[in-house]
> 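If you scroll down you'll find the structure; I have some questions about it.
Below, read A as the first sequence line, B as the second, and so on, with proteins coming before strands; counting in each chain starts at 1. Any value given below was found using the heavy atoms of this structure, including those in side chains, with hydrogens, waters and symmetry copies removed.
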Amino acid sequence: MLIFEHSKPGRRAQAQAPDTAAGVSDLPPELLRDDTPPLPEVSEMQVVRHYTRLSQKNFSIDTHFYPLGSCTMKYNPRACNTLAMLPGFLARHPLAPAPAGQGFLACLYELQEMLKEVTGMQAVSLTPAAGAQGEFAGVAMIRAYHRAQGDSGRTEILVPDAAHGTNPATATMCGYTVREIPTDDQGDVDLEALKAAVGPQTAGLMLTNPSTLGVFERRIDAIARTVHEAGGLLYYDGANLNAILGKVRPGDMGFDVIHMNLHKTFSTPHGGGGPGAGPVGVSERLEPFLPVPLVGFDGDEYHWITGKTRPQTIGRLSAFMGNAGVLLRAWVYARLLGREGMHRVAEYATLNANYLMKRLAEAGFDLAFPDRRATHEFIVTLKRQQKELGVTAMDFAKRLLDYGYHAPTTYFPLLVPECLLIEPTETEAREELDGFVEAMTNILREAEENAELLHEAPHSLPVRRLDEVRAARELDLRWNEK
Amino acid sequence: MPFIPHTEAEVREMLDAIGVAGIEDLFDEIPDHLRCGELAGVPDGLTEQAVTRLMHERAAKDGQPLCFIGAGAYEHHIPAVVWEITTRGEFYSAYTPYQAEASQGTLQLIYEFQSMITALTAMEVANASLYDGASALAEAVLMAVRANRKSKSRRILMPRTVHPDYRRTVQTLVAAQGIELVEIDYDREGGHTDPARLQDFAGADITALVVPQPNFFGVLEEVDALTDWAHANGALVIGVVNPVAMALLKPPGRWGGKGADIVVGEGQPLGVPLSSGGPYFGFMCCRQALVRQMPGRLVGRTVDRDGRSGYTLTLQAREQHIRRSKATSNICTNQGLLVTAATIHMALLGGEGLRRVAAACHANTRALVDKLGSEHIRPLFSRPFFHEAVLHSALPLERLLRPLYAHNLQPGYVLKDDYPELGEALLVCATETKTEADLELYRDHLARMIDRQVSAGCPVQPKMA
């Protein structure tokens, strides 16, 4: 039932709005609305019950193992939320002067400093609202840099074929054409193809390392050299930073510009699809182009750094400073972990992934890259099962839901047929991983004995498989009383 | 080790199962010379108790001032229910609803959100949200360029009455795509965009006209005339609206003869705290005919195999994970948690509640303007306003206002940097959260400062031309 269907004319949550309606007779009638907006008319308790029940129809980290590859669904510590929502932080207006926000600005400045340290970059801007906006900022800085060098011939961004869709979409938004670089059979970038592709038209290469194939790009030195020698810059997509936190830093690998996904590596909530936060870090030569505002510290007071003192900035990315509350959560997380805890993140994420990979291989599943170490994630391909048993990765994914596990990422990366991209994260206990292996093993047996069970899955959720074709053909995007 | 559940014995067993001697062996594909050191710049870890203490100190330092700043972010009462429910783990710690069957809560909520936003704006379609109002405007500009196939100019008319930081954001985000943003100056008397001024562009190829309502000065624009002018000249209309104002003002779907084509706005006033500027959310609506040009997520209602109603992401072929370099935008998330809050907020307020809030904001700001007005302070613009107004001071604002901060009062937003031609101009806002006593406190403090300045012989500046 929709909230609209609980509605009764004249019902209200009376405690929540002024008792009386102030007059607006001073406003010209032609500018006024002639009806009351048709929002639901419901009581406070109806609202509480309706949305509590809706929440119960979700899988979430707090309720389920959620091994969604490339999304880093680790535990979101509750303290991060509680402390970011202290009244003093919530009440602060974004345009309040800096002296009236020293507590908030101190957290942001310290976060900038910590992110610089863990990524090995020269400077960090926290303002991008999400990973994709961080990517935009990064590629816009590459563009601004080349232009400042008087080099307008660089019109092309290189992207490995395994990359996230945001990479090519971002390059397009920044006015670049995109050239894809193939991947070799071990999951590494095809170095010869890269060498053949670079040239005076190359603005940069966008690379995720470890890649979306769940393996570390071993020839990163050679890749960096190839791109730099051609005059291009190297962009690091921080989607998989969790795999290397405290082990190897993008700055040390030769990257010129990076974005981080704080909702992954720094455990801020995914919130049903956002908000994220996508800070960018740069090497020295790109620092003048960072998006504003930044937070500065003169040894005594924290202050905003804006376009006034950064004439070469690519500009601002939102009306205010970005997803401030998310940044506070990331700061709390970083302080709880500390230096030692940061090193542990990659270690245990990698331990869990390699353990799960090994156990699934033993259970009869095919790995996309059996000769490689898993990083924080790995890929199982169900190509053989699809051929022999007629069951797909989607069938497995839906059946897993019946077993109480959120499905891994399916059909991404596009290079591996019938793939499941599995990322357990460091916060899962071994028994949870063992339970997942058991479920996968059971599903494989079901596929052999009664494939229908998989095709028809899920069986135990609020709805069964949805008709997506109909959803797109007969668009129904809002409630209508009729 | 915070948040890592492994016992030593388990680690040993897991390593044995993998067939390596130690955790370090799992990183043997990373070249040795690239391995980093100990991250000396990151401080030692703290217990939750210690971090809590530190954060309480910092939050207390920022205080809870009496705030009369608006300028794109507005303090409203937020029912306790809103964030109680929003931060339930099932909403808070879920991700993008790609597995629809396991995400019906989030999906139905977004469908309800889309329904509520279209109800407020009287538009046909709303998406699942964008980052904030300013970036939503940038996306609307890009969408208009795709959607207005008759226009070849990629030229957008952008009134100076649009929030200055929205204009800057649009500039950043569309700069690389050959789009021309033409600024339209405002009427100095009314504080609005005079439709007559657009006649300079009659007959020219214009892709879209941006129409803010209310505008950055709080002033109400002549939306009908602006909309009709744009349509008569082959341009699309992009409305930028305050969602609370929509409970009171003519919604963009009904502007002029045909209504606006694309509508965006900052969703923060719908249940999202000020919190230093984010996370907020941008909303975006359009006519049904333009839906395939829309960026961002959309949720549709459909049926499952048993014919039961259910919800799923739809028209995903517009998006980056399918279309890659040909996508409508690179956006990959929406502001899901904020949409959750806003949906619950709108359900609690209802149309009537929201209308009362809007009316109370208007009445309070009118009362504030009356109270602050004096021989030295007067309202600058003649046109009607919603819940913000520009005041002009005959005395230098800096000296008048600075002492007010010491009284924990934030008097408004000074316009000098963005509109130097207005001189000593201050944008003030009094939402429904302000009481009579709050307004009087502001008046009394300000009066005292004015007296102090005048008696100190501070030169009184002439009225701005």
Side-chain angles (χ1 to χ4, degrees), chain A residues 13 16-18 22 36-39 47 51 54-55 57-62 83 86 88 90-94 103 117 129 132 165 168-170 172 174-175 178 216 249 269-275 315 318-321 323-325 338-339 350 355 429 461-464 466 471 476 478-479, chain B residues 5 14 26 29 36 41-42 44-45 55 58-59 61-62 64 69 79 85 88-90 93-96 101-102 104-106 115 119 131-132 134 165 172 176 273 275-279 300-302 304-305 310 312 314 320-321 324-325 327 330 332-333 335-337 348 351 353 356 359-360 363:
Chain A
Q16 304 304 346
T36 303
L39 295 177
V47 170
Y51 289 105
L54 274 194
S55 77
K57 293 183 180 182
N58 270 0
F59 278 35
S60 67
I61 300 172
D62 283 6
L83 298 177
L86 291 174
L90 296 188
R92 189 178 173 280
H93 193 285
E117 177 74 9
T170 299
T172 302
C174 291
V178 177
F216 188 84
R249 308 188 302 173
H270 282 74
S318 60
F320 302 111
M321 72 77 48
N323 285 339
R339 186 188 320 113
T350 305
Y355 173 74
L461 273 78
V463 291
R464 298 188 55 208
L466 292 158
D476 174 357
R478 69 187 160 103
W479 180 78
Chain B
M14 291 168 79
L26 300 175
E29 290 190 3
C36 67
V42 178
D44 287 334
M55 277 300 248
R58 288 184 173 182
K61 199 183 269 184
D62 292 357
Q64 288 176 266
I69 311 174
I85 304 281
R88 281 180 65 92
E90 298 94 328
S93 72
Y95 192 37
T96 302
E101 301 85 351
Q104 284 297 298
T106 291
S115 305
Y131 302 131
D132 81 325
D165 284 332
T172 308
S275 53
S276 289
R301 176 151 65 170
T302 183
D304 74 0
R305 288 191 176 179
T312 183
T314 195
Q320 49 76 29
H321 62 286
R324 299 176 75 85
S325 67
N330 74 342
C332 178
T333 47
Q335 298 283 94
L337 204 64
L348 280 168
R356 288 188 186 192

> Return the minimal non-hydrogen interatomic distance between A:Arg339 and B:Val42, and the atom names on each side.
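Shortest heavy-atom separation between A:Arg339 and B:Val42 comes out as NE-O, 3.2 Å.
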
> Is it the side chain or the backbone of B:Leu348 that comes within 4.5 Å of chain A heavy atoms, both, or neither?
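Both the backbone and the side chain of B:Leu348 come within 4.5 Å of chain A.
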
> Between chain A and each of B:Pro5, B:Gly353, B:Ala134, count heavy-atom pairs under 4.5 Å; write down the option with the most.
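Heavy-atom pairs under 4.5 Å are most numerous for B:Pro5.
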
> What are the two closest heavy atoms between A:Val178 and B:Ser325, and how far apart are they?
CG2-CB, 4.0 Å

> Let's test your reading of the structure: which of B:Gly300, B:Gly277, B:Pro273, B:Pro279 forms the most heavy-atom pairs below 4.5 Å with chain A?
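Heavy-atom pair counts peak at B:Pro279.
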
> Does any heavy atom of chain A fall under 4.5 Å from the side chain of B:Tyr95, the backbone, both, or neither of them?
both

> What is the minimum heavy-atom distance between A:Asp62 and B:Ser93, and which atoms define it?
N-OG, 3.0 Å

> To the nearest 0.5 angstrom, please state how far the OG1 atom of A:Thr172 sits from the CZ atom of B:Arg324.
10.5 Å

> With a 4.5 angstrom heavy-atom cut-off, is it the side chain or the backbone of B:Asp44 that approaches chain A, or both, or neither?
both

> So how far is it from B:Arg58 CZ to A:Leu86 CG, rounded to the nearest 0.5 Å?
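Rounded to the nearest 0.5 Å, the CZ-CG separation comes out at 12.5 Å.
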
> Between B:Thr314 and chain A, with a heavy-atom cut-off of 4.5 Å, which part of the residue counts as in contact: side chain, backbone, both or neither?
side chain

> Does some side-chain heavy atom of A:Asn323 sit less than 4.5 Å from a side-chain heavy atom of B:Gln335?
yes

> Roughly how far apart are A:Leu466 CG and B:Thr302 OG1, rounded to 0.5 Å?
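Rounded to the nearest 0.5 Å, the CG-OG1 separation comes to 6.5 Å.
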
> Can you tell me which portion of B:Ala360 sits under 4.5 Å from chain A's heavy atoms? Options are side chain, backbone, both or neither.
both

> What is the minimum heavy-atom distance between A:Met321 and B:Ser276, and which atoms define it?
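Reported closest heavy-atom pair: CG-O, 3.6 Å.
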
> Can you tell me which of B:Gln64, B:Lys61, B:Arg305 forms the most heavy-atom pairs within a distance under 4.5 Å of chain A?
B:Arg305

> Closest heavy-atom contact between A:Phe216 and B:Glu29?
CD2-O, 3.8 Å

> Please determine, among B:Leu26, B:Asp132, B:Thr106, the option with the most heavy-atom pairs under 4.5 Å with chain A.
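Of the options given, most contacts go to B:Leu26.
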
> Please determine, among A:Ser60, A:Ala129, A:Gly175, A:Ala17, the option with the most heavy-atom pairs under 4.5 Å with chain B.
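That would be A:Ser60.
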
> If I measure from the heavy atoms of chain B, does A:Val463 come under 4.5 Å with its side chain, its backbone, both, or neither?
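Its backbone and side chain both get close to chain B.
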
> Locate the shortest heavy-atom distance separating A:Ser55 from B:Glu90; write the atom from each residue and the value.
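Distance-wise, the nearest heavy atoms are O-CB, 3.1 Å.
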
> Among the options B:Gln104, B:Arg88, B:Met14, pick out the one with the most heavy-atom pairs lying under 4.5 Å from chain A.
B:Met14

> Can you tell me which of A:Gly325, A:Gly165, A:Gly273 forms the most heavy-atom pairs within a distance under 4.5 Å of chain B?
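Ranked by contacts with chain B, first place is A:Gly273.
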
> Looking at B:Thr312, B:Thr96, B:Thr333, B:Thr172, which one has more heavy-atom pairs under 4.5 Å with chain A than the rest?
B:Thr172

